[in-house]
Amino acid sequence: MAKSRTQYSSQDSSLSPTSVRSREWEGPARWTEYLGPEMTPKSSRSTSHDAQVQSSVGSHKGLNMQWVVQLTEVAKGLMAKMYRLNQILDYPDPVGHVFSEAFWKAGVFPNHPRLCVLLSKKFPEHFSKLQLERVDKFALDALHDSAEHHLQSLEPWIQLLLDLMAFREQALRLILDLSSTVITLLPHQNALILHAFMDLFCSFVRVNLFSEKLPRKMMLQMYNLLHAMSREDRDCDFYHRLVQFIDSYDPPLKGLQEDLNFVSPRIGEVLEAVGPIIFLSTDTRKLRNEGFLSPYHPRYPDILTNSAHPMRAQDLANVTSYREWVLFGYLVCPDELLRVTSIDIAMVVLKENLVLTLFRDEYILLHEEYQLYVLPRILESKRMAKSGRTKQKEADLEYSVAKQVERMISEVHEQALLSCDGIHRERRILLKQEIGRMVLFFTDQPSLLAPNIQMVFSALAFAQYEVIWFFQHVGIASSKSKTGRMTPVEIELSDPTIGFLLDGMDRLCCLVRKYIAAIRGYALSYLSSCAGRIRFLLGTPGMVALDLDASLKGLFQRIVHHLENIPKLQGEHISAITCDLSDFRKDWLSILMIVTSSRSSINIRHLEKATVSTGKEGLLSEGNSAYNWSRCVDELESQLSRHGSLKKLYFYHQHLTAVFRNTMFGAEGRPQHCCAWLGVASSFPECASPIVPEEVTKIGRDAVLYVESLIESIMGGLEGLINILDSEGGFGALEIQLLPEQAASYMNYASRLSMGSTKSPRGAGGFPLPGHESHPESNSSIKMLEAAMQRLTNLCSILNDMEPICVLNHVFVLREYMRECIIGNFRRRMLAVLKTDNDLQRPSVLESLIRRHISIIHLAEQHISMDLTQGIREVFLTEAFSGPVSSLHLFEKAEEHHTGSATEVVCNWYIENIIKDISGAGILFAPIHKCFKSSRPVGGYFADSVTDLRELKAMVRIFGGYGVDRLDRMLKEHTAALLNCIDTSLRSNREMLEAVAGSLDSGDRIEREASMKQIVDMDTVIGFCVQAGLALAFDRVLSEAAGAVLEEGAPLIHSLLAGIVKHIPEEIPEKNEIRRMKGVANNVGIVSDHDSQWVRLILEEVGGANDGSWSLLPYLFASFMTSSIWNTTAFNVDTGGFNNNIYCLARCISAVIAGSEFVRLEREHQQRQSFSNGHVGETVDSEVQSRLSAETNIKSTMQLFIKFSASVILDSWSEPNRSHLIAQLIFLDQLCEISPYLPRSSLEPHVPYAILRSIYSQYNSNSPSTPQALLLGASPRNSPALSLSHGSPVVRQPRGDLTPQYGGNDSGFFRGSSSHGPDQLGDTDNGSIRGVENKHRNVRRSGPLDYSSSRKTKFVEGSASGSSGPSPLPRFAVSRSGPLAYK
């Protein structure tokens, strides 16, 4: 701390009143920290040069322009530090002594609020007079213990107060020197020095106004207290001077008005001089009508002029600065408002603004400050004029003016609240139109851009001011002077003009950068010609007569030398020319400082009089013009940044994001504006001050977050446009396809109405009909659709062509974001439409929805230079892939690879709802229709709506081979578990089954029935077998769908597979390649014996059928005939199945017997091969024999099952309740139809054809007038059953043959439940064939059955018994061919 005190004392010595000269030389060196590396070397290089140049003027160096510029930069650094301190302290309110919790936790001040606030409130009283121990003794003791630590925390901010005090004195002295020595400060005569002077003036005011937002009093008082604690009660050296400084600027405006009173007249002159330009900038009608911002004459557009008003256009570029001069000037120099012309100037600017920006987003409420600090001075002047202390005439005029100013200040606040937004909106609309025309003009005529570059700068500056004004006033609440109530300003966040202005500015800047070489070439040509004019003016008699001193003459000669040495243009190589004109501009500023100084013998008026008589531009006008054009050579980018940069919007980036989201996709939004909204962020890091290093990181991070937020909004809008087109009101309305049930409903509805009433575009169920979009009432929706398509294609084209957005080291390529957005939206859309509100979406509907979305993506793809189709394929693959296809791929699935979620959803739904039927919807397989039916909806549809061949083909087209394989594997897993249950049943019931086998062979019926009754869980095993058969049936339909899709999409591969399968050698065991080939063929429905091959693969995978108990399989299946399940089994002629899926039991029995036999023989062959000597010939022969023996064994096992089953069935012929016989006989007939190893003739010895023919005849001859015409029932009274009046079959059992013998009257065994008599029921000529499940199977056509379609009938199955109620099957009124007809 001793070191810091020494430092402060040395600084204080430089601030003492006796060291004016030393302070001036120390000036630039003191502020090295604030100037930064790019300004400090310049100052050191230019000091000696400027001193040399100005030696003729006198010893005073106050007119050093470099020092003016540097002190303005120092002001920015000071405000950056204050801004950072304000952030750290959580924006305190030192005037109202309001401090947040974060203020005390920031670590700057000790966390003792009572002491700190008391010291602040009692300022400037010394702490020794406040009796602090009575206020908070505990806090005071704590401060004693940690005084050194708190001193170090406050030290950098006390240094800031010292810097503010030093800046005040040095800036004030420099402003005084310029004000008192510069001859003229008018914009048309001395614009360069005027701008430097006013920039310093405004910076001085800003710094001091901003300092009020800091807790200066608390900072100084607490530091002095801590210093006294650690330094034996001694005050710090600078304490009393800082107390005086802070007190004199409390409030700051009071001190500013006193300090700047001496420059007030000069400020008044300047503000009067810029008044006309301000009036012009507010007159939108004049700007538009007279073409101040048009590169051509507004009334004569065919005449391409360089500029209608070149000087005024150049002045309009500075109008933003002029407005700030007015607001700050009259605030700190209120006496200048008493000028007659000042009232209108002030009112115009005050009416347009509510806030006065100090630094970045820090501001003060403009009108409140004018009423608090300007109005009292005006009232005082009014009183003085009224008291007649001056001459009467002047007093009357002064009183009148003061009264007008008072009324203006009192009323302008109300006017501003009501009209400021409207004024600026009108100006934004003007700029939108003018900049839009300017962009089109310069794009078409780029050669005219260079001569009009000053006009471009004016347009950019205008738009820059309007955009920044808009965001500065968003959310501002101002209090009316009369009521004191806070009134929010009505700023519309959905104003579309902001997007147009941003886009126009961006396109103008792009044009300037594109043709920067042409602009530089034009500027170089102008400067070359200017050299000759200046040399001519220097040689005029008037200039010769002035007798310039050597130094000034030398400067003029250097100016001419600079201009004459400009590189000559070399054809098209302008961009390669490097030209630094900074020395030229420095020398010209030196000339201006000399000739505008009141101490110089040759001043600006002398030069003008000496050169203006030539009839051309004067010397100073030529020099100023050359100065401006020289900046278009080597500082064009900085000029463009000054007028067109929107980096200040960083401090309003949250409002920026909100306005973007409200306007981008609104009615007036334009996709091409996205570039400008995003491009703004590239300049955000320029806001970071080198004084505060941590700002670079924070601002860079915020800029990146802003871009990411906007990109998210843009991509959200892109998704919204795609989803609008993909909705039912979009493309869905143009491609309406009625579902079959909707079409049937509409046809039924239309048939009941007259022709005139069917012209409505709406259908019976409220759904629109195809072509409804052509009706006039749909015109608006079609226009909306066209607009969405246009906006989508425009947005895609714009994003595709957009240059990468660079923010620090982050690069955002919008094309990549767009691709990810479109593909990601497609994935989400696919998963969203996968399910409806109720349940799974129909695959055909899902396919149409996906195709519709893909068509929209293809529409967008035409405007994007990237392949989106590949991305769609990736999505399908990702959502469908669930591991390698078992029959095709040999690699293993990676553990980290996730299964396709869409495939999982669909496959799980089919397994749970169709195969397992967890919802209890009564799923039944209909062999005739090759689909599943349900008694009530499964989710949103009946089962047949999602399981028929058309729907499964749609599913295969969506999910491809991976989806088929996944569903196939899940079916296999489910079936494997069921087969394991059969294996468990065989093992647990082995003894009983062996007893059953013995009794069946011996013909002992009593023993057989006793043994069968002891079989455990027979009905459960039957249920498992039915489920397995259901899975077999589903997989068969799935494989047919896959085969149909393969044949449609790749017919060559399908025909190749079909041809290969015919020639694959039948071997046991099969080689791996042959097994894989068969698996592929089986999955696409090419293999004829699908079921047995499928079961065989399952048993091989799980190692099933490896026990001797499987030889008892036919006896287990035969014992199923004694189950009570047959009592409720009914045949449905419409579906070709049973009401409880017993048909699937037949499929299971056929497949399990054949599959297990193949597996058993393979194992036996492998065992034999392991003991053989490896003779090849023997092996080949044995393989052929094994295949033949396998088929023989399967046939014999199946025949054994048929024989024993028929025996069990016919043994119950004489029982009173024999209603189950018909279902069992049909079951055996269906088993023969299903199994390729069981010819139908094998059933004849056991169940004669006459019986079956009679059964089918009765089913098909039932009249439609008896809808409950069933042949089964719980009792003979309520349903058709075996007629007991006829002779029972005589059973003979020689050598175990259980073939029944029948009497001659076998045609009358059955009686229908309707009015049909026995003769009608027994009529063998009325038989009709029964539909079969596999129409295309060409394995065999054995037996006398004739497949024809001689009869068709409508049939609705009713109840299975008199007591069980109606059947759960729905009424499917379809026409199908009847059962088998025997000829």
Side-chain angles (χ1 to χ4, degrees), residues 280-281 286-319 430-464 500-501 503-530 533 566 568-575 577 579 581 617 621-622 624-644 672 676:
L280 175 63
S281 69
K286 187 174 183 180
L287 288 174
R288 180 185 289 111
N289 293 342
E290 298 189 13
F292 282 94
L293 295 176
S294 298
Y296 51 85
H297 200 286
R299 288 186 291 275
Y300 309 101
D302 295 335
I303 303 175
L304 301 181
T305 59
N306 289 343
S307 176
H309 310 276
M311 290 305 296
R312 284 292 178 88
Q314 183 175 333
D315 286 339
L316 285 173
N318 302 315
V319 74
L430 166 72
L431 289 171
K432 165 191 167 183
Q433 297 167 348
E434 295 295 332
I435 292 178
R437 282 197 289 263
M438 195 178 286
V439 168
L440 292 176
F441 179 82
F442 288 133
T443 303
D444 185 57
Q445 300 285 338
S447 60
L448 295 178
L449 178 61
N452 289 283
I453 190 65
Q454 297 297 335
M455 180 180 295
V456 172
F457 288 156
S458 296
L460 289 174
F462 246 95
Q464 179 193 54
F500 282 97
L501 290 186
D503 179 62
M505 292 178 68
D506 181 63
R507 295 173 70 183
L508 267 184
C509 291
C510 288
L511 278 175
V512 172
R513 292 187 176 98
K514 181 179 180 179
Y515 298 107
I516 193 169
I519 297 170
R520 290 182 62 199
Y522 182 88
L524 288 172
S525 299
Y526 181 89
L527 293 175
S528 297
S529 63
C530 191
R533 292 194 296 271
I566 287 175
K568 304 300 179 184
L569 302 182
Q570 301 294 329
E572 299 179 356
H573 301 288
I574 302 174
S575 58
I577 296 176
C579 186
L581 297 176
E617 292 286 341
S621 298
E622 286 286 356
N624 287 335
S625 182
Y627 183 96
N628 289 328
W629 278 108
S630 71
R631 302 193 68 181
C632 292
V633 176
D634 56 350
E635 290 186 356
L636 186 59
E637 195 63 40
S638 66
Q639 288 283 90
L640 201 58
S641 174
R642 176 193 167 197
H643 296 296
Q672 57 267 29

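Numbers for residues simply follow the sequence, beginning at 1. All heavy atoms count here, side chains included; hydrogens, waters and symmetry mates do not.
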Closest approach of [X] to [Y] (non-hydrogen atoms, all atoms of both residues):
{"X": "G644", "Y": "M505", "value": "O-CE, 3.5 Å"}
{"X": "I435", "Y": "A459", "value": "CD1-O, 4.0 Å"}
{"X": "S281", "Y": "L287", "value": "O-CD1, 3.7 Å"}
{"X": "A523", "Y": "V633", "value": "CB-CG2, 3.6 Å"}
{"X": "S630", "Y": "L581", "value": "CB-CD1, 3.6 Å"}

| query | Are the side chain of S528 and the backbone N or O of L524 linked by a donor-acceptor pair below 3.5 Å? | reply | yes
| message | Side chains of R288 and Q433, heavy atoms from C-beta outward: is any pair under 4.5 Å? | response | yes
| Do the side chains of L460 and V512 get nearer than 4.5 Å, heavy atoms only? |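 V512 vs L460: side chains apart.
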| query | Partners of Y526 by ring-ring contact (aromatic ring centres under 6.0 Å, His included), sequence neighbours excluded? | reply | W629
| query | Got a sec, which residues hit ring-ring contact (aromatic ring centres under 6.0 Å, His included) with F462, two or more places apart in sequence or on another chain? | reply |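 Listed in chain order: nothing, the list is empty.
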[atom2] on [Y] to [atom1] on [X], rounded to 0.5 Å:
{"X": "L636", "Y": "I519", "atom1": "CG", "atom2": "CD1", "result": "5.5 Å"}
{"X": "Y515", "Y": "L511", "atom1": "OH", "atom2": "CG", "result": "6.5 Å"}
{"X": "Q454", "Y": "S625", "atom1": "CD", "atom2": "OG", "result": "8.5 Å"}
{"X": "F292", "Y": "L430", "atom1": "CZ", "atom2": "CG", "result": "12.0 Å"}

| field | Sequence-distant partners of N318, side-chain hydrogen bond (donor to acceptor under 3.5 Å, both in side chains), two or more places apart | value | R642
| field | From CA spacing to verdict: side-chain contact (heavy atoms from CB on, under 4.5 Å), M455, M438 | value | CA-CA 10 Å; M455 180 180 295; M438 195 178 286; 4.1 Å; yes
| task | Identify, with sequence neighbours excluded, every residue that meets side-chain contact (heavy atoms from CB on, under 4.5 Å) alongside S641. | result |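 For S641 the side-chain contact (heavy atoms from CB on, under 4.5 Å) partners, ignoring immediate neighbours, are S645, E686.
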| note | Sorted by chain and number, sequence neighbours left out, side-chain contact (heavy atoms from CB on, under 4.5 Å) with A461 holds for H643
| query | Checking side-chain contact (heavy atoms from CB on, under 4.5 Å) for the pair L280/V319: CA distance, chi angles, key distance, verdict? | reply | CA-CA 10 Å; L280 175 63; V319 74; over 6 Å; no
| task | Pick out which of D506, V456, L508, D503 makes a side chain to side chain contact (heavy atoms under 4.5 Å, CB included) with V439. | result |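 Testing each of D506, V456, L508, D503 against V439, the sole residue satisfying side chain to side chain contact (heavy atoms under 4.5 Å, CB included) is L508.
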| request: Return each pair, listed once, that meets salt bridge (charged side-chain N to carboxylate O under 4.0 Å, His left out) where at least one residue sits in residues 509-519; pairs must be two or more places apart or across chains. | output: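 Only R513-E637 qualify under salt bridge (charged side-chain N to carboxylate O under 4.0 Å, His left out).
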